[in-house]
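Worksheet: one structure, shown below.
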Amino acid sequence: MPDNTLPTLVAKDITKVYQTGEVEVRALDGVSFELYRGEMVVLLGASGSGKSTLLNILGGLDRPTTGSVLFDNADLSRMSEHDLTLFRRDHVGFVFQFYNLIPSLTARENVALVTEIAQHPLSPEQALELVKLENRLDHFPAQLSGGEQQRVAIARAIAKQPDILLCDEPTGALDKQTGILVMDAIATINRELGTSTAVITHNTVVGGMADRIVSISDGRIAGIEHNRQRVSAAELDW
Amino acid sequence: MAIVHFSPLDKKRWRDLVKLRGQVLAVALVIASGIATLVMSLTTIEALEDTTDTYYQRYRFADVFAGLTRAPDFLTHRIAELDGVMSVETRISQYVTLDVPDFNEPVTGRLLSIPEHQQPTLNQLVLRKGRWISGRAEDEVIVSENFADAHQLDIGDNLAAILQGSKRSLTVVGIALCPEFIYALGPGALLPDDQRFGILWMSREVLASAFDLKDAFNDVALSLHHGADARAVMTELDTLLKPYGGISAIPRSEQMSNWFIQNEIAQQKSMAMVLPVIFISVAIFLANMVLSRLIATERTEIGLLKAFGYSGTQIAWHYVRMMLVIGATGTLIGCAVGVLFGHYNIDMYAQMFRFPVLIFQPGVHNYVLAVLAGVLASVLGALGAVTRAATLPPAQAMAPPSPPAYRHSIISSGALQRKLDQSTRIAIRQIERWPLRSIMTSTGIGFSVALVIMTFQWDDALNHMARVYFEQAQRQDVVVGMSQPRAIHAVQDFTHLPGVLRAEPMRYISADLSVGNVTHRGTLTAIQQHASLQPIYDDANDITVAVPESGLVIAHRLARKLNVKVGDIITVNVLSGRRPTLSLTVTAMIETYIGMPAYVNLAYINRLLMEAPNMNFVNLLIDEAQQPQLFSELKQTPIVAAITIKSAAQDAFQRTLVDHLMVFVSMFSLLAAMLGFGVAYNSTRIALSERGRELATLRVLGFTRGEISYVLLGEVMLLILAGLGLGCALGYGLVWFIITLFDTELFRIPYLIEPSTYGKAVVIIFIATLLSAALVRRRVDKLDLIRVLKTRE
């Protein structure tokens, strides 16, 4: 159950400006946002709206141009490159549209990649069991379907028992059936491990699974919607 | 004004080249190294040949040489009438001991007669300073420039010579060079020592009266008509000179100075064969690797171009042209550097050999060959990758490539796997996935190590050779040559000289050794049964072989030349005295590094020659403290014609070779390091390009830059380490190959590589590869995580 009084991450009035050539692109423009402990948030928005930029900043992959991001009273926007790396290592799990598995490592080994450097990890087997891949432990990525590969990526992201799970279009490259399996896996993690989860999608239906739906448009938060009743992935009308 | 039209493909090609400039340059540099070694060797060979040819022609270097005891002048006409002879130069030649001011040690001089007032017909002098001798004064002498420089002799300076027992003061009137003595070796010396051996030209009249050769000569040189049969002339000349104590004639190719020059050219030729082949092979591999990767990243674009209607041939030609640009860059750099090195090389030779003319005009054919090699490397390098691009069906090309399939294997799974962390596992699986590429990378590194080993091995081998020859095989301090054979008991006279601890007689006998049709012109070294100062020494096995009571002990190489084994009989035609023909049995064989000696028991050979016990050399062991007194005595001794001081010979050996080697070593080490750098840089860059996504993923997962560098460089480092090991083995083989190529009648390079040589080679190449890794590491630090991850591969 999400705890709405205890934010895991607090972004305060962040802006992000990219300088590409002579053009200045304002990807985020004064966004304030909290991610609460154990909640699941879906970020909705058109392509180019700034949702990925927000996610990257929350996950310590990128720094805001102005504003601050607080995690445990530490400001990510002021952290060194090395501290950001440690922040990602210890607290954040990422899932991307393209699974980004290491092709030369088996499912188990891809997960072990993270468990070897994490402080209180699950075992790779436990993590893979959570995404229902306990029977595919020793398969290489090339031997797995797209959905299976994405679930390995999820297992790898959560094996360290992160405080935050960030997913950028996790079902973007998958068909409906597989998409359900993947979203289901994410929901299971959120529920069973209490990981604060943010999922980017352009598929509005997915919003039904979340505690909150945050709409982003032109680099600003356009609206926040609370779900009284979360539904399971299978119940979504895809 | 012409309007140059660039097609979009042209523009793409140039932009790709600029984008890949690091790798393009690395491949171009390796091609350049290959072309540079090729051009350097070719231009050096050409310049050496042109220069010596011109020098020989301009100063009328003779075609045939013969020595004898004494022949009357009228024989000259009979020689001139021999079929094929163009001109004849008879002369007086004599070894003498010189006393040079401010130089304590005795010096050996070779006196040669020249006509008064004019150049000889053959073997003319290049007068560098001063004037020709005049008939008026008896003591005028022209000295060789090498000798003059070594003793800072100038016009008007004096030096003393002992001519037939009487000491004469000679005045330097001229300083000259001669094509006959580009490489001037004193008797028994291995390398030129200008301080202790010099050529002196004097009036024929003066020498004739000094050596009792009035109206006679003891040396003859011939030039032949174009196309004349030198062998036939020499046979007739030998018959003619036989009654006059003729030591049989030698052709120009066996004349000592020319032999050394030709040997130098032959060595350059072997270099021209070996090195460019190594560099260009590696370049082909690198080119293939870079282009394969480029084509892999441009799959979609290739598919698109094909969808637009470009043909497979057009696509192939696009990439081949790209490779040709790289090849052309390499060839250009290579030609420029090669000509520069070639020029440097020939300058060095010019200095060493004191060529009065220097012809460095590299012919067009050198460059044509270089361009052909460059084109060949480019096209062969492009072939595989380009064929794949040309035959890729467009629809398949536009779809993303299927993820590379990895397999479980014994190395990366099983018992060992539990001990490995994931990063190391990635590195090992990567190698297993592309075994051929991995092997080629290690081989490339291996060759660079092998090249360095080969380079440093020269130093090892020559030092070893010097050690064995000067310290083990030759145990005397001084060898004294006598103007005429003396009775063996005369050796007693030497034991009474100051500082002499021991004296042993020795006799060199010039002879033709033949078996069947094969004849070797050589020398029998006759020593006493228990000779200890100059024993029969097996260089390769480090053992002294007992002097047999009868028969011959010969070098293995001589045995191979004559195709004999122990127990076989060799026909020995003695070339002096009564010139008997002997049949001698081979009783043992030895391995030697220098020369092809044949040893025989002194008492035994004297018996066979039916002469009173004779010797013409004495080996001395001396007390160093009394060396100056001994030398001044020897200088005054009439029968002494030549003195070889071992320590001086050893110094000359070190000096000449070390100077020469240092240039060679640094030049080739640099090229080899460039090769190692090129291979490592390309491998690392390609690994980065292929695995940028993986590395970015790891960064996102919380790996530090150091940790992902390990993942990237781990694989390359494993291949480099394997390459370093492989390189030691390749070096071993390459050295063997080169030594086989360089096995001449005069030298056999010992097959010996010091452990430190392996060490040096490994360190040099390792540093070169680390440098390339450091360059790539900088790119890892700049990896754009977000962009890499959000794009489809």
Side-chain angles (χ1 to χ4, degrees), chain A residues 18 52-53 55-57 59-62 81-106 108-119 124 138-144 146 149 153 156-157 159-160 162 166 168-169 172-173 200, chain B residues 400-409 411-414 417-418 420-434 687 690-708 710-712 714-715 780-793:
Chain A
Y18 289 110
S52 287
T53 308
L55 200 77
N56 291 339
I57 289 173
L61 277 180
D62 206 351
E81 185 59 44
H82 182 71
D83 288 339
L84 279 181
T85 301
L86 291 183
F87 166 68
R88 292 199 300 269
R89 174 185 290 208
D90 297 332
H91 305 291
V92 190
F94 278 102
V95 176
F96 293 96
Q97 179 181 0
F98 308 107
Y99 332 116
N100 294 324
L101 296 179
I102 309 295
S104 56
L105 295 180
T106 61
R108 190 206 307 260
E109 291 162 352
N110 260 287
V111 178
L113 207 51
V114 169
T115 58
E116 274 174 7
I117 59 169
Q119 283 172 335
D138 292 320
H139 287 63
F140 283 101
Q143 300 165 320
L144 296 170
Q149 288 186 52
R156 186 176 66 182
K160 68 174 85 160
L166 302 173
D168 195 346
E169 299 274 11
I200 285 185
Chain B
S402 40
Y406 288 83
R407 289 177 292 111
H408 290 285
S409 74
I411 307 172
S412 56
S413 45
Q417 87 151 1
R418 270 170 282 280
L420 299 176
D421 61 4
Q422 304 308 324
S423 309
T424 310
R425 210 169 288 183
I426 293 174
I428 291 177
R429 293 232 173 99
Q430 201 70 21
I431 292 170
E432 287 174 347
R433 178 70 181 71
W434 282 281
E690 282 175 350
R691 295 165 56 204
R693 190 180 188 78
E694 243 174 76
L695 299 178
T697 305
L698 294 176
R699 286 283 284 135
V700 170
L701 291 178
F703 280 62
T704 60
R705 284 175 184 160
E707 285 163 338
I708 62 161
Y710 173 73
V711 173
L712 174 73
E715 174 200 343
V780 173
D781 290 347
K782 285 191 233 150
L783 213 56
D784 182 347
L785 303 185
I786 297 157
R787 205 181 49 117
V788 173
L789 289 178
K790 304 274 299 202
T791 49
R792 198 181 68 175
E793 192 169 20

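The chains referred to below are lettered A, B, ... by the order of the sequence lines, with proteins before strands, and numbering in each begins at 1. Just so it is clear, the model here is predicted, and its values are computed rather than measured.
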### Message
Assess the residue pair B:R705 and A:H82 against the criterion (side chain to side chain contact (heavy atoms under 4.5 Å, CB included)); give the C-alpha distance rounded to whole Å, side-chain angles, the decisive distance to 0.1 Å, and a yes or no.
### Response
CA-CA 9 Å; B:R705 284 175 184 160; A:H82 182 71; over 6 Å; no
### Interface moiety of A:H91 toward chain B, non-hydrogen atoms closer than 4.5 Å
neither
### Task
Please list, chain by chain and in numerical order, all residues satisfying side chain to side chain contact (heavy atoms under 4.5 Å, CB included) with A:P124, sequence neighbours excluded.
A:R108, A:V111, A:A112, A:T115
### Query
Taking side chain as C-beta onward, heavy atoms only, is A:S104 less than 4.5 Å from B:R425?
no
### Message
Need one label for A:D90: side chain, backbone, both or neither, based on atoms under 4.5 Å from any heavy atom in chain B.
### Response
neither
### Task
Would you please name every residue forming a side chain to side chain contact (heavy atoms under 4.5 Å, CB included) with A:V95, sequence neighbours left out?
A:Q150, A:I154, A:A157, A:L165, A:C167, A:P170
### Query
Just wondering, do B:F703 and A:T85 contact through their side chains at under 4.5 Å, heavy atoms?
no
### Query
Looking at side-chain heavy atoms only, is the closest gap between A:F96 and B:V700 below 4.5 Å?
yes
### Task
Select one option (side chain, backbone, both, neither) describing which atoms of B:R699 are under 4.5 Å from chain A's heavy atoms.
both
### Message
Does any backbone or side-chain atom of A:I102 lie under 4.5 Å from a heavy atom of chain B? Answer side chain, backbone, both or neither.
### Response
both
### Query
Nearest 0.5 Å, what's the CG-CD1 distance between A:L113 and B:I426?
5.5 Å
### Inter-residue atom distance A:N100.CG - B:R693.CZ, 0.5 Å rounding
4.5 Å
### Query
Side chains of B:L701 and A:R89: closer than 4.5 Å at any heavy-atom pair?
no
